[in-house]
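Data first, discussion second: the structure below is written as structure tokens.
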Protein chains: 2
Amino acid sequence: MSRALLSFVCDNLFMPDSAPSLRARVRAEMTEEIKRVALRHLATDGTALSLRAVARDLGMVSSALYRYFANRDELLTALIVDAYNVLAEEVERADAAVTDRADVLGRWLAVGHAIRAWAVAKPHEYALIYGSPIPGYAAPTTTIEPATRPVLVLGGILADARSAGVLPEKDVTLEGGSPLGHKLRAEIETVAEVVGAEVDAAAVARALLAWTELFGAVGFEVFGRLNNVIAQREEWFDWQLRSMARFIGLGNRS
Amino acid sequence: MSRALLSFVCDNLFMPDSAPSLRARVRAEMTEEIKRVALRHLATDGTALSLRAVARDLGMVSSALYRYFANRDELLTALIVDAYNVLAEEVERADAAVTDRADVLGRWLAVGHAIRAWAVAKPHEYALIYGSPIPGYAAPTTTIEPATRPVLVLGGILADARSAGVLPEKDVTLEGGSPLGHKLRAEIETVAEVVGAEVDAAAVARALLAWTELFGAVGFEVFGRLNNVIAQREEWFDWQLRSMARFIGLGNRS
DNA sequence: GTCAGATGAGAGCAGTGCTCTCTATTGGGA
DNA sequence: TCCCAATAGAGAGCACTGCTCTCATCTGAC
């Protein structure tokens, strides 16, 4: 084994965080700085952000930037992962802030408003992760895990609602509502498992529909489809959230 | 008035369609051809389609293309308007195909499935009009009218549902559901007017929520958020449509 | 102190949107 | 029928892009 390789292994296996070399720390700071500037450009240029412009802002030449990110896609991926994680933290914080854990309606509202608030504050970052696919960009599997985090919070709320006896009885939608085909039901049960909600498929299906509506509403607002139509944005969103909560059954007395 | 201007006015005021000159017809054909090729490129390159590549495909040089479209944005606008109009025609046709006009549930399902089918068949055109805003592109007011057409169909269904006595009684959501603030209620009543549905605000609000959910669902599918989650796409969409129909009150017996 | 590896600068390639100038064609009015 | 202006296209050029390659500098571990 070459000395260089040995040194690499030592650095990465035996001193992971404890003693990062000065070079490594500078490199990490530089990487963060690049992402910060890129994020600023994202707000003006959207996904058509220019590596060269970012480099100029940093007082360096574009080729130097390639020491930190192999290409534009890799930089985008870093921004996407960060965006997912920031959103996830907002959502988890909002959920955790509701001290009465049995107040599942309050938790649903808190989570929904947290998502909307973040999206409205950072529309370009929202578009980056929930908008139309970026031309020529294929998201790597690295993005899957952070993308799952927000929906796990919903799963937690659902599970707590079930154990609090708030959700409607199993399969109540079967009378009156539409039944789920067995293939679809199996898929939704898989979702329930992944999300950690030990809840019947019909309840999960209703929650997924509400989740879809939530992001539909946020998308409509952020992407400008409410322009010149509805100005009372927050109130309209709140009304939708409460309606969907009733649809899921979160509003019921326990 | 110069002779040239006079001739222009004559062409545009006194013989609008009747006798288009050969030159005008060739020009119109060429314009359509450019849009056709551009649409093909849209499917591969997304909104980052290249004018030069389009010109190459047409066997001409890029500058020649500027005789037909002032710039890239104008070409995009033309594609956007076309996409809206094609979708609108699909939706209107689907609605009109339901012979029993009192079958408002059937009409809602037909419209929903028509929108989804078009979006799944032409994901890039769907992204063009319902996806995240295109970097550096501002939609001109020309796009407003065609963008309104699909929602007018929903308005028609709502109005017919009301006159058939299918919708729930006025303001039934006030008990149990959340009330609408008066500013928001006024905005929604304006929507009702524009859409031509002489229906109370609560019913329109529920319909708007269902509309939001519909596009949320289509967006989730087209933009890949259902990948590795739900394979029974059409059935899942149908279940959502039916659930939202019940939410609006379209399922009620008249 | 040395020397490999990390970092950045600079030139260059192929591509982009768009403008400008020049030429060939064509069609309507005298 | 001829003429002249309007039209359509070609080609060169500008400023920009992502990305690669080479070269010089610096630094940190031995």
Side-chain angles (χ1 to χ4, degrees), chain A residues 1-12 14-15 19-31 33-34 38 41-42 44-77 134-137, chain B residues 1-12 14-15 19-31 33-34 38 41-42 44-77 134-137:
Chain A
M1 191 183 279
S2 77
R3 202 174 303 172
L5 182 52
L6 185 66
S7 144
F8 174 81
V9 170
C10 287
D11 277 359
N12 286 277
F14 301 114
M15 11 175 177
S21 69
L22 182 122
R23 186 120 79 176
R25 267 183 300 144
V26 169
R27 185 182 174 81
E29 268 175 42
M30 191 69 192
T31 307
E33 185 69 18
I34 292 171
H41 277 80
L42 194 74
T44 57
D45 309 336
T47 53
L49 89 167
S50 150
L51 280 193
R52 289 179 110 113
V54 170
R56 266 197 304 274
D57 269 23
L58 288 162
M60 64 202 295
V61 94
S62 77
S63 60
L65 225 146
Y66 286 81
R67 300 284 178 199
Y68 299 89
F69 296 95
N71 48 40
R72 214 181 72 105
D73 282 12
E74 205 172 90
L75 175 56
L76 278 178
T77 299
I134 302 158
Y137 172 84
Chain B
M1 189 183 282
S2 76
R3 202 175 303 172
L5 181 52
L6 185 65
S7 144
F8 173 81
V9 168
C10 288
D11 278 358
N12 287 276
F14 300 113
M15 10 174 175
S21 69
L22 182 120
R23 187 118 82 176
R25 270 183 298 140
V26 169
R27 186 184 174 80
E29 269 176 41
M30 192 68 193
T31 308
E33 185 69 19
I34 293 171
H41 277 80
L42 194 73
T44 57
D45 309 337
T47 52
L49 89 167
S50 151
L51 280 194
R52 290 181 110 113
V54 170
R56 266 196 304 274
D57 269 21
L58 287 162
M60 65 203 294
V61 93
S62 77
S63 61
L65 225 146
Y66 286 81
R67 300 282 177 201
Y68 299 89
F69 296 95
N71 47 41
R72 214 181 71 105
D73 282 12
E74 207 172 87
L75 175 56
L76 278 178
T77 299
I134 301 160
Y137 172 84

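Every heavy atom of this structure was used, including side-chain atoms; hydrogens, water molecules and symmetry mates were not. A note on names: the letters A, B, ... follow the listed sequences, proteins ahead of strands, and every chain is numbered from 1. Note that this is a predicted model, so its numbers are computed, not measured.
Rounded to an integer number of Å, the gap from CZ of A:R27 to P of D:dT27 is 16 Å. Following rounding to the nearest Å, B:R56 (CZ) and C:dG17 (C1') show an atom-to-atom distance of 13 Å. One can place OH of B:Y66 at 6 Å from P of C:dG17, the figure rounded to the nearest angstrom. Atom P of nucleotide C:dG15 and atom CG of A:L51 are separated by 19 Å, given to the nearest angstrom. Between B:M60 atom CE and D:dT7 atom C1' there is a gap of 12 Å when expressed in whole angstrom units. For the pair B:L65 CG and D:dA8 P, the computed distance is 12 Å after rounding to whole Å. The distance between atom OH of A:Y68 and atom C1' of D:dC19, rounded to the nearest whole Å, is 18 Å. Atom pair A:D45:CG and D:dC16:P shows a separation of 13 Å (rounding to whole Å applied).
Between A:D45 and B:P135 the shortest heavy-atom distance is O-CB, 3.0 Å. Across every non-hydrogen atom of B:Y68 and B:E74, the tightest pair is O-OE1, 4.2 Å. The shortest non-hydrogen separation linking A:L76 to A:Y137 is CB-CE1, 4.1 Å. The two residues B:I34 and B:L65 come nearest to each other via the heavy atoms CG2-CD2, 3.9 Å.
Annotation: of the two residues near DNA chain C, B:A48 and A:S62, the 5′-most nearest-nucleotide partner is A:S62. Nearer the 5' end of DNA chain D, as judged by each residue's closest nucleotide, is the contact made by B:R52, out of A:S50 and B:R52.
Within the 4.0 angstrom heavy-atom criterion, no nucleotide atom of any strand lies near B:L58. Among the heavy atoms of the strands, none lies under 4.0 Å from A:F69.
The A:A64 side chain lies nearest to C:dA9 when the options are C:dT16, C:dA9, D:dG9. Picking from D:dG9, D:dT17, C:dT16 the nucleotide with the shortest atom distance to the side chain of B:R67 gives D:dG9.
Scanning atom types as modelled, no donor and acceptor separated by under 3.5 angstrom connect the side chain of B:R72 and the base of C:dG17. Counting distance only, with no hydrogens placed and no angle test, the side-chain atoms of A:S63 and the base atoms of C:dG10 include a donor-acceptor pair under 3.5 Å. Remark: the A:R23 side chain and the D:dG28 base include no donor-acceptor N/O pair separated by less than 3.5 Å.
Looking only at distances, no side-chain donor or acceptor of A:R72 sits under 3.5 Å from a matching main-chain atom of A:A48.
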